[in-house]
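Counting convention: from 1, in listed order, for ligands and their atoms alike. Since the model is a prediction, treat every value here as computed from it, not as a measurement.
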Amino acid sequence: MPDRSLKDVIPAVHRFTTDPDISAFHGVLGRAGVRACIQRILDDARSDIRAGSPAPDETSLRARVLALLAAQRATGLVRVINGTGVILHTNLGRAPLARAALDAISHLGAGYTNLEFDLENGERGDRYERVGHLLHDLTGAQASLVVNNCAAAVLLVLDTFARGREVVVSRGQLIEIGGGFRLPDVLRKSGAQLIEVGTTNKTYAADFRNAWGANTAMFMRAHPSNYRVEGFTSDVDSKSLAALAKELDVLAFEDLGSGALLDLREFGAPGEPTVAEELAAGMDLVAFSGDKLLGGPQCGIICGRADLVAQMRRNPLLRALRTDKATIAALAATLSLYATPERLREIPLYAMLSQTADELFARATRLCESIEAACAPRSARFTAVRTSAAAGGGTLPLVDLPSAGIAVEPLDRTPDGLAAELRRVEPPVVGRIERERLVIDLRTVRDDEDADLTRAFAHVLRAPR
Ligand SMILES: *Cc1c(COP(=O)(O)O)cnc(C)c1O
């Protein structure tokens, strides 16, 4: 068919741009994004006609446009069902927030707050003070400072105290964690000079003592978050390092990363050093993330000596690293939940850690039945399975949390194909492939998401192929 007559059978773009269902996507995809989707469907239709297909009617073109827009919406930020079993999944946004934290954001974010206003004296106040008392109660820290994330916290400490000076670190702790955080690079960026001591597996207090000199600013420890050196190893613990730092009059700083505020053993996870323990051991400053084992919003927290925190507050770099009111509101609300042990499970991280593998297995068994019923006729085998979940986010390395989930063996497509289709439904479901099966680990799926999960499988497996 010559192009001229194509004009007559394929409607113009503007026929679709004014459609209310289509223009509803302007907010998520932008006008240009919506237009590009329409254009793409129309272009495809034109080539199909040239290839001999019958001309589609406007209704079917509209349906295709809407389907493409819905698929494209996932390029914006959307809610995802996390079936990976990795609780603090950095790619999926790390720690889900507690209801109390979300309420605080909406309550305090909707209006004005005393973020930097001292209500007592009617003068300018300090945003960093809003959570100071909570952190003091939980960690025993004299003072604290909240910045954008733990990487920023480390940068601020090094920039304030070690610019142009030496920082001594054990070779076993020169870590790289996900997302491009390499300790040696951050050190260099801050203008500090890295002095590596010891070997990968063994470092002694004497190594630190020998590396000490007139230009040494601090001894630093970094939590090897996502790996563990095992076997013939030796490390200088915080207590010995802090004592040596005191003797030689340098600072003792710890990048703790995961930032556990309580003993995780009551949740069946191995003990991680807590912030309070590290400070009690004598570390002058401890830095950690707000959205790892604390279970709050993304931020970095520095706890420790009041005189040092005061010095960091005067560093102009702080201005570039400061957090907004929503973060401070969410952090305060999350920390408040720690004060009442009965409320701790309101933090999603702790709710997820507290479920037993047996409870999850029972839920998986029930869910398999309902999904199978919803997907009839049978196009996949669903089995409740025991799995291994993980804390993730570079915390609790190598620790498997016994868990359970559903294993899916599709009969008419590959597990990878099924996984890809599930990522395209609304809300998208992300699982993992294990031994030729798609596994959805239930430890990271909230109970109230089971219905979404069932709908997602029904949608994908019952769709005509
Ligand atoms: C996770 C981690 C960081 C980085 O924390 P962010 O909050 O992601 O910036 C730094 N150091 C250690 C030891 C970590 O585990």
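- Residue-environment remark: CG (Leu77) stays at or below the threshold of 12 foreign heavy atoms within 6.0 Å.
- Checked by distance only, ligand 1 and Asp255 come closer than 3.5 Å through their nitrogen or oxygen atoms.
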Can you list the steps and then say if Lys239 with Asp237 is a salt bridge (charged side-chain N to carboxylate O under 4.0 Å, His left out)?
-> CA-CA 6 Å; Lys239 201 168 178 165; Asp237 63 34; over 6 Å; no
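- Although no hydrogens or angles enter the test, the distance criterion places a donor-acceptor pair under 3.5 Å between the side chain of Tyr338 and the main chain of Leu294.
- At a 3.5 angstrom cut-off on N or O pairs, Gly257 does not count as close to ligand 1.
- Between Cys150 and ligand 1, at least one pair of N/O atoms sits closer than 3.5 Å.
- In the vicinity of His223, heavy-atom distances shorter than 4.0 Å reach the ligand 1 atoms 13 (C).
- Contacts between Lys292 and ligand 1 below 4.0 angstrom, taking non-hydrogen atoms only, involve the side chain exclusively.
- Taking Thr323 as the reference, nothing meets the side-chain hydrogen bond (donor to acceptor under 3.5 Å, both in side chains) condition, with sequence neighbours excluded.
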Dump the intermediate steps for salt bridge (charged side-chain N to carboxylate O under 4.0 Å, His left out) on Glu449 and Arg79, then the final yes or no.
-> CA-CA 11 Å; Glu449 289 174 325; Arg79 176 170 78 94; 3.1 Å; yes
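- Only side-chain heavy atoms of Arg94 come within less than 4.0 Å of ligand 1; its backbone N, CA, C and O stay farther off.
- Asp358 meets the side-chain hydrogen bond (donor to acceptor under 3.5 Å, both in side chains) test with Arg386; sequence neighbours excluded.
- Of the listed residues (Ala151, Cys299, Gly290), the one carrying the non-hydrogen atom nearest atom 9 (O) of ligand 1 is Ala151.
- The Ser289 neighbourhood of ligand 1 comprises atoms 5 (O), 6 (P), 7 (O), with distances under 4.0 Å to a heavy atom of that residue.
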